[in-house]
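Proteins get letters first, then strands, A, B, ... in listed order; numbering begins at 1 in each. Predicted model, so just to flag it, every value in this text is computed and none were measured. Computed over heavy atoms, backbone and side chain alike; hydrogens, waters and symmetry mates excluded.
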Protein chains: 2
Amino acid sequence: MKVLSCGRQAPDTQTSGAANAAQRKKATSHWAGKLAEHIREQDLNHSRSREDILQQIVDFDRHFTLPELLKKVQEKFPSIGSATVYRSIPLFVAAGILQESLADQDKLSVYELGEGAHHDHIVCLKCGTIFEFHDESIEVAQEKLISKLGFKAVRHHHVIYADCLKAR
Amino acid sequence: MKVLSCGRQAPDTQTSGAANAAQRKKATSHWAGKLAEHIREQDLNHSRSREDILQQIVDFDRHFTLPELLKKVQEKFPSIGSATVYRSIPLFVAAGILQESLADQDKLSVYELGEGAHHDHIVCLKCGTIFEFHDESIEVAQEKLISKLGFKAVRHHHVIYADCLKAR
DNA sequence: ATGAATGCAAAGGTTTTGCACCCCC
DNA sequence: GGGGGTGCAAAACCTTTGCATTCAT
């Protein structure tokens, strides 16, 4: 187990602490390289906007939402339209530069009737059925981890996307 | 471990299979009671709309999104406005009738730069910091569970909301 | 030149808000 | 009568789409 990183301080904390400017420049060129590679492989066209957007992404400490990115991009490059930003995301994901993180697939909250009894979910990718489960060994492993790291767990969401047997 | 339930068939499957009508009526009165209790405790006012909305919620097989609920409510009770439906949700949550399920707290997707290496997240409820972790024993327990249930896991999201030590 | 990429504006969908009216206590 | 609750409409957001134009190769 290891903690890989942490982020999302006050939005402006990391705006440009010249300290790690070099490091960020290096990161930028690494991801820019990945982008170029993907563009070459897929016979797409190089574009300046996508480089600019990528640069702003690197500027985040890993995690960001699309509205956050849109705002940041348009502050730096007012000429870039929102459509371009949104259209660049699936490209970056395909290029292995970005991964979706944290949230549900579709961005809509799903609610359920319930007493507060804890359980987690398995969502079948074939038929959309939602199964619920409660697994003590996972709960225990999680509690052990969290207390080792000095946290006090309050609640969690654990969703496993899977293919089920009766898959069509 | 046990599977508690499964749902979300084709949207109309469960419209009213007279079979379990009695059971549903019982469920309705149970939740209506919880609502009445909460309203009494909080010195709020009783209202018909909220009962009607709750009835439609009971009619779902546990899981639903807000747009799904809105649609269902307005089909049955065209006079109920969307504002009322949306405003009823936090009330039902406070009353212990509903719990948010599956999705992230705020409904916005969060993206991150990354190579695709798998990790999960701990979100500090005090300071908003996002920590990443990868815990093999949780992964193993999860894989064991999922294959026992006859699924093939494709990916998962596991987010733990917790209070961290440097909490203010 | 050809197809990809873009900006703009408009549309779509979800959720929130302002406000006058209504209802419960 | 007073404050909570409601419906309606408008606004606020976030995201997608259509289209004419620009850009890369």
Side-chain angles (χ1 to χ4, degrees), chain A residues 32 35-57 64-95 97-98 100 102-111, chain B residues 11 32 35-57 64-95 97-98 100-111:
Chain A
L35 176 59
E37 182 188 349
H38 182 255
I39 288 194
R40 199 177 339 107
E41 283 171 358
Q42 302 294 314
D43 275 313
L44 303 175
N45 287 348
H46 169 270
S47 102
R48 180 62 198 272
S49 302
R50 293 202 280 232
E51 274 184 5
D52 291 343
I53 294 166
L54 182 53
Q55 180 196 316
Q56 295 309 302
I57 289 176
F64 61 92
T65 63
L66 296 189
E68 281 168 355
L69 173 61
L70 181 61
K71 183 162 167 288
K72 194 167 163 62
V73 166
Q74 295 194 323
E75 276 166 4
K76 288 270 185 175
F77 307 97
S79 69
I80 296 182
S82 59
T84 302
V85 173
Y86 279 99
R87 284 192 276 236
S88 73
I89 301 299
L91 182 75
F92 292 160
V93 171
I97 294 169
L98 282 185
E100 208 167 345
L102 291 184
D104 192 33
Q105 276 199 120
D106 50 69
K107 288 115 322 188
L108 303 173
S109 285
V110 177
Y111 290 83
Chain B
L35 176 58
E37 182 188 349
H38 182 254
I39 288 196
R40 199 178 338 108
E41 283 171 357
Q42 302 294 313
D43 275 313
L44 302 176
N45 287 349
H46 170 272
S47 103
R48 180 62 198 272
S49 302
R50 293 202 279 232
E51 275 184 4
D52 290 342
I53 294 167
L54 182 53
Q55 179 197 314
Q56 294 310 301
I57 289 176
F64 61 91
T65 63
L66 296 188
E68 282 168 355
L69 174 61
L70 181 61
K71 183 163 167 285
K72 195 167 163 62
V73 166
Q74 295 194 324
E75 276 165 5
K76 288 270 185 177
F77 307 98
S79 69
I80 296 182
S82 59
T84 302
V85 173
Y86 278 100
R87 284 191 276 236
S88 73
I89 301 300
L91 181 74
F92 291 159
V93 171
I97 293 169
L98 282 185
E100 208 167 345
S101 173
L102 291 185
D104 192 32
Q105 278 200 119
D106 49 69
K107 287 114 325 188
L108 304 173
S109 286
V110 177
Y111 289 82

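A sub-4.0 Å separation between OP1 or OP2 of C:dA5 and a side-chain N or O of A:T84 is absent. Contact between the side-chain N/O atoms of B:Y86 and the OP1/OP2 oxygens of C:dT16 is not found at any separation under 4.0 Å. Contact annotation: A:S49 side-chain N/O to C:dT6 OP1/OP2 distance is under 4.0 Å.
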Which pairs would a plain distance check flag for residues 78-91 of chain B, meaning a side-chain donor or acceptor within less than 3.5 Å of a matching protein atom at least two apart in sequence or in another chain?
| unit_1 | atom_1 | unit_2 | atom_2 | d |
| --- | --- | --- | --- | --- |
| B:S88 | OG | B:V85 | O | 2.6 |

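Side-chain proximity of A:L66 to D:dT15, D:dG7, C:dG7: nearest is D:dT15. Side-chain proximity of A:A83 to C:dC8, D:dT16, C:dG18: nearest is C:dC8. Side-chain proximity of B:R87 to the nucleotides C:dC19, D:dT16, C:dG7 is greatest for C:dC19.
One can place CD of A:E51 at 11 Å from P of C:dT6, the figure rounded to the nearest angstrom. For the pair A:I89 CD1 and D:dC14 P, the computed distance is 14 Å after rounding to whole Å. Distance, A:L70 CG to D:dT16 C1': 13 Å, rounded to whole Å. Straight-line distance from the NZ atom of A:K71 to the P atom of D:dC13: 12 Å, rounded to whole Å. Taking atom CD of A:Q74 as the reference point, atom C1' of C:dC8 lies 11 Å away to the nearest angstrom. With rounding to whole Å, B:L91 atom CG is found 18 Å from C:dT15 atom P. Straight-line distance from the CD atom of B:Q42 to the C1' atom of C:dC25: 17 Å, rounded to whole Å.
Where B:S82 and A:I39 meet DNA chain C, the nucleotide closest to each residue was compared, and A:I39 sits on the side nearer the 5' end. Position along DNA chain D of the nearest nucleotide to B:S79 versus A:H46 favours B:S79 as the more 5'-ward residue.
Going from atom CD1 of A:I97 over to atom CD of A:E37 covers 9.0 Å, rounded to the nearest 0.5 Å. Summarising the geometry, atom CG belonging to B:L69 is positioned 11.5 Å from atom NZ belonging to B:K71; distances are rounded to the nearest 0.5 Å. Put simply, CZ on B:F77 and CD on B:Q55 are 4.5 Å apart, with the number rounded to the nearest 0.5 Å. Atom CG in A:D52 sits 10.5 Å away from atom NZ in A:K76 (nearest 0.5 Å). The distance from atom CZ of B:R50 to atom CG of B:N45, rounded to the nearest 0.5 Å, is 7.5 Å.
Side-chain contact check for A:K72 versus A:E68: every heavy-atom pair is 4.5 Å or farther apart.
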With the criterion being N/O to N/O and under 3.5 Å, what pairs connect the protein with nucleotides 2-4 of chain C, and how long is each?
| unit_1 | atom_1 | unit_2 | atom_2 | d |
| --- | --- | --- | --- | --- |
| C:dA4 | O4' | A:N45 | ND2 | 3.4 |

